[in-house]
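Remarks on the structure that follows.
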2 protein chains.
Amino acid sequence: MAMPGHPSPEEVFERVRKKIPAISLATVYKTIHTFLDSGTFGEVSIHHGSLRVDRNNRPHHHLVCTRCKSIIDIDDADLEPVRLRKSLPGGFRVQRYAVEILGLCAKCIARSQTHPEM
Amino acid sequence: MAMPGHPSPEEVFERVRKKIPAISLATVYKTIHTFLDSGTFGEVSIHHGSLRVDRNNRPHHHLVCTRCKSIIDIDDADLEPVRLRKSLPGGFRVQRYAVEILGLCAKCIARSQTHPEM
DNA sequence: ATCGCTGCAAAACATTTGCAGTTTG
DNA sequence: CAAACTGCAAATGTTTTGCAGCGAT
């Protein structure tokens, strides 16, 4: 929890090692998952693990199901433009932005009613 | 290009295989990278490949450098609330949203001036 | 005695690379 | 012929798993 930024498991491992030299990478992974499951912290992207191609070359955003990870495109025009209230940290040159709307898709809502345990 | 959705390399491989049974997964990866590099299409998340922990449990968004992949948090309060112009596809239950602002960080801008080839 | 946590090693995935042969222009 | 593309197999990188031991309840 003391680590700044958005560390990878490997980085957490290197850091924790300084305090607990005998710790293993597997334990770091297991512990990270315990915290993720409990919601103590999150992960930067729900889609790490495998590359996913996005053929839609119009400006658009994503509806992402937090349960089944499915993705639905929504057109940029369906969203009011995103506006900043403050200027960004010095020297960052914006190219574009993408909004990720997280929630449950219809299928997963239906499934959670018939199989609440899943 | 004919595939709907946001396929993984494995899914592209299975599909292309029907037309070209002898194709290998390595060729699919190489071809996907050719298209990604040329900008023909994009990828859903720039952060696939490795898990990244996000300890910031306040609502916030990310500034992401497309070159070095570094991440800077920006507070939700620094953004006007995101608004929809249309209702979402049937039955999607929104939990939260996250804005990803993509661009170049100050370091990478500086570096591209001294080492334009990198 | 049981439960949960650990390290280790191996397994399971995901992706990249070197290389030699083939195709294309 | 040169350049680009291919399959294969091996190498890399990331994450998970089985298992036996250990400590706390």
Side-chain angles (χ1 to χ4, degrees), chain A residues 1-55 62 64-71 98 100 102 117-118, chain B residues 1-56 62 64-71 98 100 102 108 117-118:
Chain A
M1 294 307 283
M3 287 195 81
H6 305 81
S8 66
E10 194 70 38
E11 288 165 339
V12 173
F13 176 54
E14 290 305 329
R15 164 91 182 234
V16 174
R17 220 180 198 181
K18 288 174 188 165
K19 291 268 177 187
I20 314 170
I23 202 165
S24 75
L25 185 54
T27 299
V28 170
Y29 270 100
K30 286 168 187 168
T31 307
I32 287 175
H33 276 117
T34 303
F35 284 135
L36 287 174
D37 292 347
S38 72
T40 307
F41 49 60
E43 46 186 320
V44 169
S45 169
I46 194 174
H47 290 117
H48 72 273
S50 164
L51 190 161
R52 298 285 219 98
V53 165
D54 194 339
R55 306 157 6 280
H62 289 139
V64 179
C65 178
T66 53
R67 176 178 288 199
C68 71
K69 268 77 171 174
S70 65
I71 304 165
E100 208 165 57
L102 299 147
E117 75 288 349
M118 282 186 70
Chain B
M1 292 308 283
M3 287 195 80
H6 304 79
S8 65
E10 193 71 39
E11 287 164 341
V12 173
F13 176 56
E14 290 307 328
R15 164 92 179 235
V16 174
R17 220 180 199 181
K18 288 173 188 166
K19 292 268 177 186
I20 313 169
I23 201 165
S24 75
L25 185 53
T27 299
V28 171
Y29 271 99
K30 286 168 188 169
T31 307
I32 287 175
H33 277 116
T34 302
F35 283 136
L36 287 174
D37 292 347
S38 72
T40 307
F41 50 61
E43 47 186 320
V44 169
S45 170
I46 194 173
H47 289 117
H48 72 273
S50 165
L51 191 160
R52 299 283 220 97
V53 164
D54 194 341
R55 305 153 11 276
N56 186 344
H62 289 139
V64 179
C65 178
T66 51
R67 175 178 288 199
C68 71
K69 267 78 171 172
S70 65
I71 304 165
E100 208 166 57
L102 299 147
C108 284
E117 75 291 346
M118 284 187 69

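Bear in mind that the values here come from a model prediction, so they are computed numbers and not experimental data. Naming convention: chains lettered A, B, ... in sequence-line order (proteins, then strands); numbering from 1 in each chain.
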Distance-minimising heavy-atom pair for H48(B) and S50(A):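 Nearest heavy atoms, H48(B) then S50(A): CB-O, 3.8 Å.
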Which atom of F41(A) lies closest to which atom of M1(A), heavy atoms considered: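 Closest heavy-atom pair between F41(A) and M1(A): CD2-SD, 3.5 Å.
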Specify the separation, in whole Å, of atom [atom1] of [X] and atom [atom2] of [N].
{"X": "K19(B)", "N": "dT6(D)", "atom1": "NZ", "atom2": "C1'", "answer": "20 Å"}
{"X": "I23(B)", "N": "dC5(D)", "atom1": "CD1", "atom2": "P", "answer": "13 Å"}
{"X": "I32(A)", "N": "dT6(C)", "atom1": "CD1", "atom2": "P", "answer": "12 Å"}
{"X": "R52(B)", "N": "dG13(D)", "atom1": "CZ", "atom2": "P", "answer": "16 Å"}
{"X": "E43(A)", "N": "dT14(D)", "atom1": "CD", "atom2": "P", "answer": "16 Å"}

With a 3.5 Å cut-off and sequence neighbours excluded, list the donor-acceptor pairs that the side chains of residues 4-13 of chain A form with protein atoms.
from: H6(A); atom 1: NE2; to: D73(B); atom 2: OD1; distance (Å): 2.6
from: S8(A); atom 1: OG; to: E11(A); atom 2: N; distance (Å): 3.3
from: E11(A); atom 1: OE1; to: S8(A); atom 2: N; distance (Å): 2.8

Is there a side-chain contact between [X] and [Y], using heavy atoms and a 4.5 Å cut-off?
{"X": "L51(B)", "Y": "H33(A)", "result": "yes"}
{"X": "H47(B)", "Y": "H62(B)", "result": "no"}
{"X": "E43(B)", "Y": "I32(B)", "result": "no"}

Are there any protein N/O atoms within less than 3.5 Å of an N/O atom in nucleotides 10-20 of chain C, and if so, which ones and at what distance?
from: dA14(C); atom 1: O3'; to: G49(A); atom 2: O; distance (Å): 3.1
from: dT15(C); atom 1: OP1; to: L51(A); atom 2: N; distance (Å): 2.8
from: dT15(C); atom 1: OP2; to: Y29(B); atom 2: OH; distance (Å): 2.5
from: dT15(C); atom 1: O5'; to: Y29(B); atom 2: OH; distance (Å): 3.3
from: dT16(C); atom 1: OP2; to: H33(B); atom 2: ND1; distance (Å): 3.4
from: dG18(C); atom 1: O6; to: K30(B); atom 2: NZ; distance (Å): 3.3

